[in-house]
Amino acid sequence: MKTISVFFALLFCFVLFACEVGVIHKKQEVRQTSYKSFYGWKYGNVVLGYKGFMETCNAIDQARWPGNTLFRENKEVWLNKCKTGRNYKTNPQAFFEKYFNPYLVEGENGYQGTFTGYYEIEVKGCLKPTPTCKYPIYGIPRDSSLLNLTRAQIDLQGALKGKNLEIAYTESLGRLYFLHIQGTGRVALPDGKFLHIGFAGTNNYQYKSFAADVIANGKMPRDQLSATKMMDWIDRNGEFARRELTKNQRYIFFEPRDNSPRGSQGVYLTPMGSVAVDREYIPLGTPLWVETVYPKVAYEGLPRNLTFLANAQDTGAAIKGAVRADIFFGAGTFAETVSSGMKQQGKYYILLPKEIRADKYF
């Protein structure tokens, strides 16, 4: 799940009406259109989005409903769509065309918005400390007095040493830091296996980037602001970088996971089939057709346009607005490269069962 502070979580859920009922409070419009208006629908990537939708259906089968009125007031409709949809594995386009109406989503700034990317970062590590595996990944403390420690107290002063909270150890301080930013990842162990870990909690401090100060002091070139270059810079600059990182007092605690990450909806995320959205505008669990472009770093061997079916299955503290999404790209080199460079303009359409009146919920 995308990392989110307790402050933001409380902000989301402070009023039951806003978090559970899911009524829209800000300016937003949805305009019905047709699948013919979709760029690349006929040949686009619909299979992974269909797979992601089936993850939502699997949760519904277990009575784990998305926490919004769009689903809870239309349970029979969604149950029927899930049952019917399982018969369309070989032709998911036909399923959505027959049973869902598409609506272009518009916000205060029109139908264009920002699309970023995130991924399950991979770090090399060990279950026990070694001369190379020396940076601990901590689980969440049971002692509440330890939850307010700053990054400096934890990383420089060793305030959590001896508390038996270490889940694993990593070789790279840079990748560990970005594991904290991503909030989910996997540790590549020496035996070739992976330990999946996910967000378990935070020390309740607000996130602050250290990069601006380092650049202003001439310690980091401005062109190294991509995630991969920043990770390399941190590893090359040792203790100096370690001290600079403490300017961001926010610290993330983790817990072991049995598989790939789950999003805020509580279902497993599907690479290129799941996105994080602002649930004040987009109800979790709903399908979306996304139209954006790949970042320049990813052009080689790829088409310019990035169009695909996705599902709103996650949230994030930085994901704000009616047309705003963070695309989950999965794990591995490709996912990391694309996610690190992804900040593109685009639009999306929400797909609703034909029985549901859009003007009731948007």
Under 3.5 Å, is there a donor-acceptor pair between the side chain of [X] and the main chain of [Y]?
X    : Y    : value
S37  : T33  : no
D155 : T246 : no
H180 : I252 : yes
D278 : T315 : no
D314 : S264 : yes
Q157 : I154 : no
E336 : A331 : no

Pairing donors with acceptors under 3.5 angstrom, does anything connect the side chains of [X] and [Y]?
X    : Y    : answer
R324 : T116 : yes
N74  : Y361 : yes
S274 : Q313 : yes
T292 : Q345 : no
Y207 : N248 : no
S145 : D143 : yes

If a pair satisfies salt bridge (Lys or Arg N to Asp or Glu O under 4.0 Å) and one of its residues is in residues 88-97, list it, with sequence neighbours excluded.
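Every candidate salt bridge (Lys or Arg N to Asp or Glu O under 4.0 Å) pair involving residues 88-97 fails, so no pair, neighbours aside, qualifies.
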Do the numbers put R262 on top of the ring of Y268, so that NZ or CZ is under 6.0 Å from the six-membered ring centre and no more than 45° off the axis?
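Verdict for Y268: a cation-pi partner in R262.
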Find out whether the Lys NZ or Arg CZ of R186 is both under 6.0 angstrom from the six-membered ring centre of F194 and within 45° of the ring's axis.
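R186 over F194 ring: yes.
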P66 versus F71: any side-chain heavy-atom pair under 4.5 Å?
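Touching, per the 4.5 Å side-chain cut-off.
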Residue pair T286 / L351, side-chain heavy-atom distance below 4.5 Å
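Result no, sub-4.5 Å side-chain heavy-atom pair not found.
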Within 6.0 Å of [atom1] in [X], more than 12 heavy atoms from elsewhere:
X    : atom1 : value
N80  : CG    : yes
K51  : NZ    : no
E76  : CD    : no
Y138 : OH    : yes
N164 : CG    : no
R86  : CZ    : yes
K354 : NZ    : yes

Just do the side-chain contact (heavy atoms from CB on, under 4.5 Å) check on L48 and L309 with the steps written out, would you?
CA-CA 7 Å; L48 293 175; L309 182 70; over 6 Å; no
Parallel, tilted or perpendicular: which one describes the rings of [X] and [Y], with boundaries at 30° and 60°?
X    : Y    : value
F38  : W41  : perpendicular
F210 : Y177 : perpendicular
F334 : Y294 : perpendicular
F53  : W78  : tilted

If the condition is ring-ring contact (aromatic ring centres under 6.0 Å, His included), which residues does F253 pass it with, not counting sequence neighbours?
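For F253 the ring-ring contact (aromatic ring centres under 6.0 Å, His included) partners, ignoring immediate neighbours, are Y251.
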Partner of H196 under side-chain hydrogen bond (donor to acceptor under 3.5 Å, both in side chains), chosen from R257, E120, E255:
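Output: one option passes, namely E120.
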How many angstroms lie between OH in Y50 and CZ in F95, if you round to the nearest 0.5 Å?
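Here the interatomic distance stands at 7.5 Å.
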With E171 via side-chain contact (heavy atoms from CB on, under 4.5 Å) - residues at least two apart
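Residues passing side-chain contact (heavy atoms from CB on, under 4.5 Å) with E171: K124, T132, C133.
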Is E73 paired with K360 through a side-chain N to carboxylate O contact shorter than 4.0 Å?
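Salt bridge between K360 and E73, a charged N being under 4.0 Å from a carboxylate O: yes.
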Between E355 and K81, is the closest basic N to carboxylate O distance under 4.0 Å?
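Answer for the salt bridge query: yes.
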Could you go through K347 and E106, starting from their C-alpha distance and side-chain angles, then the distance that decides it, and tell me whether this counts as salt bridge (charged side-chain N to carboxylate O under 4.0 Å, His left out)?
CA-CA 9 Å; K347 60 184 177 182; E106 298 186 50; over 6 Å; no
What verdict does the side-chain contact (heavy atoms from CB on, under 4.5 Å) test give for V187 and L189, after you've listed the backbone C-alpha separation in whole Å, the side-chain angles of each residue and the deciding distance to 0.1 Å?
CA-CA 6 Å; V187 181; L189 301 173; 3.9 Å; yes
Counting the benzene-type ring for Trp, do F328 and Y118 have ring centres under 6.0 Å apart?
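When the ring centroids of F328 and Y118 are compared, they turn out to be within the sub-6.0 Å range.
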Using every non-hydrogen atom in the two residues, find where A325 and Y348 come nearest and quote the distance to one decimal.
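Heavy atoms only, the tightest pair is CB-CE2, 4.0 Å.
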